[in-house]
There are 2 protein chains.
Amino acid sequence: MSDELPALPWDRSRRRAVPARIPLSAERIVDAAYTVLDREGFEKLSMRQVAAELGVAVSALYTHVSSKDELFELMYIRLFKDWDLPDPDPAHWRRQVADFARGGLARLRKHRDLARISMIGVPFSPEVLPQMEQLVTLFRVAGLPDRVAGAAGDILSTFIDGYAFEENMWENRRRESAEISWPEMRASLQQFFADLPSDRFPNLVALADHMLPSSEDERFELAVEIIIRGLASFAEEAAEEAGGRSGGSADPGTAGGRGEPDRPGDG
Amino acid sequence: MSDELPALPWDRSRRRAVPARIPLSAERIVDAAYTVLDREGFEKLSMRQVAAELGVAVSALYTHVSSKDELFELMYIRLFKDWDLPDPDPAHWRRQVADFARGGLARLRKHRDLARISMIGVPFSPEVLPQMEQLVTLFRVAGLPDRVAGAAGDILSTFIDGYAFEENMWENRRRESAEISWPEMRASLQQFFADLPSDRFPNLVALADHMLPSSEDERFELAVEIIIRGLASFAEEAAEEAGGRSGGSADPGTAGGRGEPDRPGDG
DNA sequence: CTTTTCAAAGAACACTGTTCACCACGCGAG
DNA sequence: CTCGCGTGGTGAACAGTGTTCTTTGAAAAG
């Protein structure tokens with residue numbers, strides 16, 4: 001990172017040029033904030049905790065970070081560092097969209113309560129533009145009409161954030177109440193549905209087995225598949241319309257996802 | 001509510017049986033909390049503010065409400081009071097699902113920052129079960145396979161909450177920064193996309209007109225339509241499978257939404 | 001009437017984000 | 001080498017927060 005040479009004892013000009021304590025910086029503050037977040041959770045993430053983590057006075061933070069909100073903003077931006085999306089491929093746009101969604105969720109899961117911070121961040125920060133561009137490109141080559149291609153990324157991201165947020169909620173609830181495992185919790189909730197009065201809630205009782213996701217990711221995968229199929233329907237529609245109007249000037253292999261080789265099976 | 005008779009002046013046993021000040025109750029605390037929420041917003045909604053609204057000491061609240069979290073829970077439950085869903089109609093399930101989504105969003109919009117509180121609430125409270133039952137029923141009569149019908153309500157609600165939450169975020173940002181109107185903000189953001197370097201962000205520039213929703217509800221309507229089409233695709237799939245296997249024992253008018261009379265146009 | 005009971009009050013505790021006067025220390029100027 | 005100077009860390013303070021505990025007052029019960 002730094003090309004600093006070790007200081008020779010007799011070289012007075014270099015003596016303590018690199019001070020014993022690494023200087024404070026926004027970068028280091030964000031690092032510490034993430035450490036506190038993972039250890040204590042969002043609710044107990046305070047400026048004082050971050051300062052303590054760095055062995056520094058609270059007020060020292062404010063020379064590098066103007067407020068707690070700005071600290072959140074900086075933490076949010078980290079989410080998009082080193083996030084490279086593959087080049088859009090019309091033949092596999094469905095899988096690529098699904099992979100984007102999975103990648104986004106995986107990033108939000110990397111730190112405790114990170115989804116809370118993600119939903120606070122302003123979504124047009126310069127750092128997110130490359131991903132946005134890639135995603136919009138992907139939706140265009142998939143054959144979506146402009147107004148859908150422009151909105152799809154936002155819609156998908158909104159869902160991902162919302163999903164991660166609720167996942168967080170459950171995790172925190174589990175953490176503070178008796179620490180029972182997810183399978184146990186799932187079983188008891190399933191029982192709750194099965195035990196409902198079947199005259200008033202016949203369908204909840206009938207579907208008790210399906211009201212809770214069976215694995216950690218099943219529900220997310222299903223949701224993403226639903227959204228992708230919905231998008232595909234718009235692509236088909238656009239392809240039909242273009243085909244009917246101009247006699248198929250668009251490459252038919254480009255638009256419309258149904259029946260493409262990457263159509264995933266269940267799970 | 002109460003069958004209290006008017007107090008006669010000479011009846012000492014009834015004197016002040018109904019005290020001059022209406023007694024405190026969880027109900028009244030929730031009322032006051034909503035008043036404070038609308039006036040001050042979520043960030044400044046504190047137990048002290050609520051107590052002040054009621055002209056009462058802070059500690060008095062804690063005899064009716066065990067914590068601020070429980071107050072949030074009670075506020076959350078209010079969301080579902082008097083929310084009647086129409087009886088599921090297989091012929092119009094698409095419109096009914098869309099109406100459910102619109103109704104949910106409308107409820108979240110009824111109070112400032114309400115989405116923040118909605119995302120905190122535990123989703124299996126007894127108060128929400130009737131709506132859940134109606135929704136699951138609707139998805140079943142639409143012909144969705146069980147595992148999709150069981151998840152669809154949760155997925156849709158997650159999206160609605162996430163959408164309302166982000167809408168809140170924007171509204172608050174607008175409120176605190178110069179109060180510029182939404183059309184103005186939209187125009188400047190649109191310009192932001194149009195002015196991006198077109199060598200690095202060709203598609204964002206090309207779709208600058210479509211990156212922001214043109215009206216308040218356009219993006220939400222589109223998202224709901226995408227989800228409904230995705231669900232419909234599962235219904236079709238199930239109908240085909242059932243048709244191929246058992247020779248069409250299921251009522252063909254029940255399953256599969258494509259081409260039904262309520263398929264909405266754009267808008 | 002007295003006694004019991006229980007909701008409301010008030011003060012206190014341990015926190016929070018943020019600001020401000022102070023001060024030490026490394027740097028360049030002289 | 002010495003002298004200001006300014007950057008950046010310090011500690012105290014302010015105005016809040018959620019929550020708890022003890023005290024009080026007034027209504028209900030006996």
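Each chain gets a letter, A, B and so on, in the order its sequence line appears, and its residues count up from 1.
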How long is the line joining [atom1] of [X] and [atom2] of [N], in whole Å?
| X | N | atom1 | atom2 | result |
| --- | --- | --- | --- | --- |
| A:Met47 | D:dG11 | CE | C1' | 16 Å |
| B:Lys44 | C:dT16 | NZ | P | 19 Å |
| A:Glu43 | C:dA14 | CD | P | 21 Å |
| B:Asp69 | D:dG18 | CG | C1' | 10 Å |
| A:Arg48 | D:dG16 | CZ | P | 16 Å |

Any side-chain donor near an acceptor of the partner, B:Ser67 and B:Glu70, under 3.5 Å: no

Beyond-backbone contact of A:Glu167 with A:Glu216, side-chain heavy atoms, under 4.5 angstrom: yes

is_close_aromatic(B:Phe42, B:Phe72), centroid dist under 6.0 Å: yes

Out of D:dG18, D:dG9, C:dT16, whichever nucleotide has its closest atom nearest the side chain of A:Leu24: D:dG9

Any pair counted as side chain to side chain donor-acceptor pair (under 3.5 Å), so long as it reaches residues 45-61 of chain B, sequence neighbours left out: B:Arg39-B:Glu53

Give every donor-acceptor pair under 3.5 Å between a side-chain atom in residues 75-83 of chain B and any protein atom, sequence neighbours left out.
unit_1  : atom_1 : unit_2  : atom_2 : d
B:Arg78 : NH1    : B:Asp31 : OD1    : 2.9
B:Arg78 : NH2    : B:Glu27 : O      : 3.4
B:Arg78 : NH2    : B:Glu27 : OE2    : 3.3
B:Arg78 : NH2    : B:Asp31 : OD1    : 2.9

Close approaches to DNA chain D from residues 53-68 of chain B, in residue order (heavy atom, under 4.0 Å): B:Val58, B:Ser59, B:Tyr62, B:Ser67, B:Lys68

Spacing of A:Ile117 atom CD1 and A:Leu74 atom CG [to the nearest 0.5 Å]: 11.0 Å

